[in-house]
Amino acid sequence: MIHGAGKMEKTLNRIHPVSDPEATYFLQVSWEKDLGTGFGILLSDGQCSWTGTVSEAEICKEAADMEMNKAKYVEELKKALVTGEESAGKYNFVISRDQENMVCQFSYERSLKDGSFRLGSVRLQEVPNPDEVVKELIGYCLDSLGKLQAKNEHLQRENERLFSNWSDAERRLEKCVEAKEKLEADLYNRFILVLNEKKAKIRNLQKLLNEAKESAADAKCTRDSITTTQMVIKKENDYDASTDEESEGLTRASLPSAAPEQRDSSLLGSPDVADTAPRRKRRQRAAKPAGTGPKVAAYEAEQLPEEKPDLASQKTVDWNLETLKNTCEPEDLFNDM
């Protein structure tokens, strides 16, 4: 019997047998450690009550007959006898009583698409005092209801505490959001200032870079112009030096040829060569303007670098002859005589 069991776990379910779907039975299952070690059954329709036990040996025998693992078989028993209405439609119960209600055969089956197979069956005996069973079932229901109410109250208090914490968290979150928005606005303003400063520095650096490039370009142009000027000056100096050398060469070439011509012209202009004094005076007169001859010859030599050297020499000789003729006129010769 299960009466007086102190630490046993119990479940109470309401079932409807397939033989009489309109009838309602209350099924209580109790066990100590595990359902696989054996369990007790109490069945009542409110007027009569029956009780019985299923041992561990019978459980192992049923599992072997169905060629099923014991653990899996115990799981099927839990779903059929303990879960109750949650498994409605998956498991069927068959209750058969004799006429005197002394014995009740209780069977439990697993419902399949093509039929069902029996999980087990137990023979129950009538309880002499059914009123005591009903009181026990009512007490169990009240105890379960009290536990559920206490659990519900505990959950309610926990819910209120969580709701209060959630409200506090929400308020703190709102404050954090406001502080975050202020901080973001402040950081954004600072970022704008820093960005503007960086942009100004970049513009200044670009300006300095452009000025440096322009200065470098100007310096390059200046160096190029100076180099070009120096090259032009060097070319001009070389050209002038070559021109001076040519003019000096021309002057030197003209001087030796002028002396014979001068002697020839003096000889042609004088009627008598025996007198030496007038000849000395004529030489002195001719020597006075002769100093301008080399200067004029040098000037003409500078002005005639592009002409042929022979033509320049011929012009120099002609000029010397003309000078001698102009300086030694016939009246001067007669006066000297």
Side-chain angles (χ1 to χ4, degrees), residues 9 11 13 34-35 69 71-72 74-76 78-79 82-90 142-249 298-307:
E9 297 184 12
T11 59
N13 296 316
D34 183 72
L35 198 65
N69 187 287
K72 187 175 180 181
V74 172
E75 289 295 327
E76 290 292 333
K78 287 181 179 180
K79 292 177 181 179
V82 177
T83 305
E85 292 184 358
E86 295 181 0
S87 300
K90 296 181 180 180
L142 294 175
D143 293 340
S144 300
L145 181 61
K147 292 179 181 180
L148 292 176
Q149 287 179 351
K151 186 176 181 180
N152 188 23
E153 291 177 358
H154 174 73
L155 293 176
Q156 187 69 25
R157 289 192 299 270
E158 188 69 17
N159 188 24
E160 291 177 357
R161 185 182 65 81
L162 293 175
F163 182 77
S164 177
N165 293 338
W166 177 77
S167 299
D168 295 339
E170 186 178 12
R171 287 192 297 270
R172 289 195 298 269
L173 180 61
E174 290 177 355
K175 293 181 179 179
C176 291
V177 170
E178 293 178 357
K180 175 178 172 292
E181 291 177 353
K182 292 181 180 179
L183 181 61
E184 286 180 351
D186 186 30
L187 292 176
Y188 182 73
N189 293 329
R190 294 183 181 180
F191 174 74
I192 290 175
L193 294 176
V194 173
L195 182 61
N196 292 332
E197 292 179 357
K198 295 296 183 182
K199 287 182 177 180
K201 289 182 180 180
I202 291 172
R203 285 194 294 269
N204 292 331
L205 291 175
Q206 290 178 348
K207 183 178 179 181
L208 293 175
L209 180 60
N210 294 330
E211 291 177 355
K213 289 181 179 179
E214 292 177 357
S215 301
D218 294 340
K220 184 178 180 182
C221 294
T222 304
R223 289 195 300 271
D224 294 340
S225 62
I226 292 172
T227 304
T228 305
T229 305
Q230 290 177 353
M231 292 175 65
V232 171
I233 292 172
K234 184 178 180 182
K235 289 180 179 179
E236 290 180 354
N237 292 333
D238 295 339
Y239 179 76
D240 293 338
S242 62
T243 305
D244 294 338
E245 291 176 358
E246 290 177 357
S247 62
E248 289 178 359
Y299 176 76
E300 290 183 354
E302 292 178 359
Q303 298 297 325
L304 299 172
E306 297 179 355
E307 296 179 357

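Note: hydrogens, waters and symmetry copies are ignored here, and every other heavy atom, side chains too, is used. Just so you know, these numbers come straight off a predicted model, no measurement behind them.
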T228 (side chain) donor-acceptor with D224 (main chain) under 3.5 angstrom: yes
Which residue, I233, T227, V232, forms the side chain to side chain contact (heavy atoms under 4.5 Å, CB included) with T229? I233
When rounded to the nearest 0.5 angstrom, what distance separates CG in D218 from CD in E211? 11.5 Å
Indicate yes or no: does K72 engage E76 in a salt bridge with an N to O separation below 4.0 Å. no
Less than 4.5 Å apart, side chain to side chain, heavy atoms only: is that true for K78 and D34? yes
Does atom CZ of R190 have more than 12 heavy-atom neighbours, drawn from other residues, nucleotides or ligands, at distances under 6.0 Å? no
Distance in Å, N152 CG paired with R157 CZ, rounded so as to fall on 0.5 Å steps: 10.0 Å
Using side chain to side chain contact (heavy atoms under 4.5 Å, CB included) as the criterion, list what pairs up with I226, not counting sequence neighbours. T222, Q230
State the OG-CZ distance between S167 and R172, to the nearest 0.5 angstrom. 10.5 Å
Would a 4.5 Å heavy-atom cut-off, applied to side chains only, mark K182 and D186 as touching? no
I want to check something: taking the side chain as every heavy atom from C-beta on, are K220 and R223 in contact at a cut-off of under 4.5 Å? yes
Using distance only, find each side-chain donor-acceptor pair of residues 193-208 under 3.5 Å and give its atom names and separation, not counting sequence neighbours.
unit_1: N196; atom_1: ND2; unit_2: I192; atom_2: O; d: 3.1
unit_1: N204; atom_1: ND2; unit_2: A200; atom_2: O; d: 3.2

For residues 162-195, which residue pairs qualify under ring-ring contact (aromatic ring centres under 6.0 Å, His included), counting only residues two or more places apart or in two chains? F163-W166
Roughly how far apart are K175 NZ and E178 CD, rounded to 0.5 Å? 9.0 Å
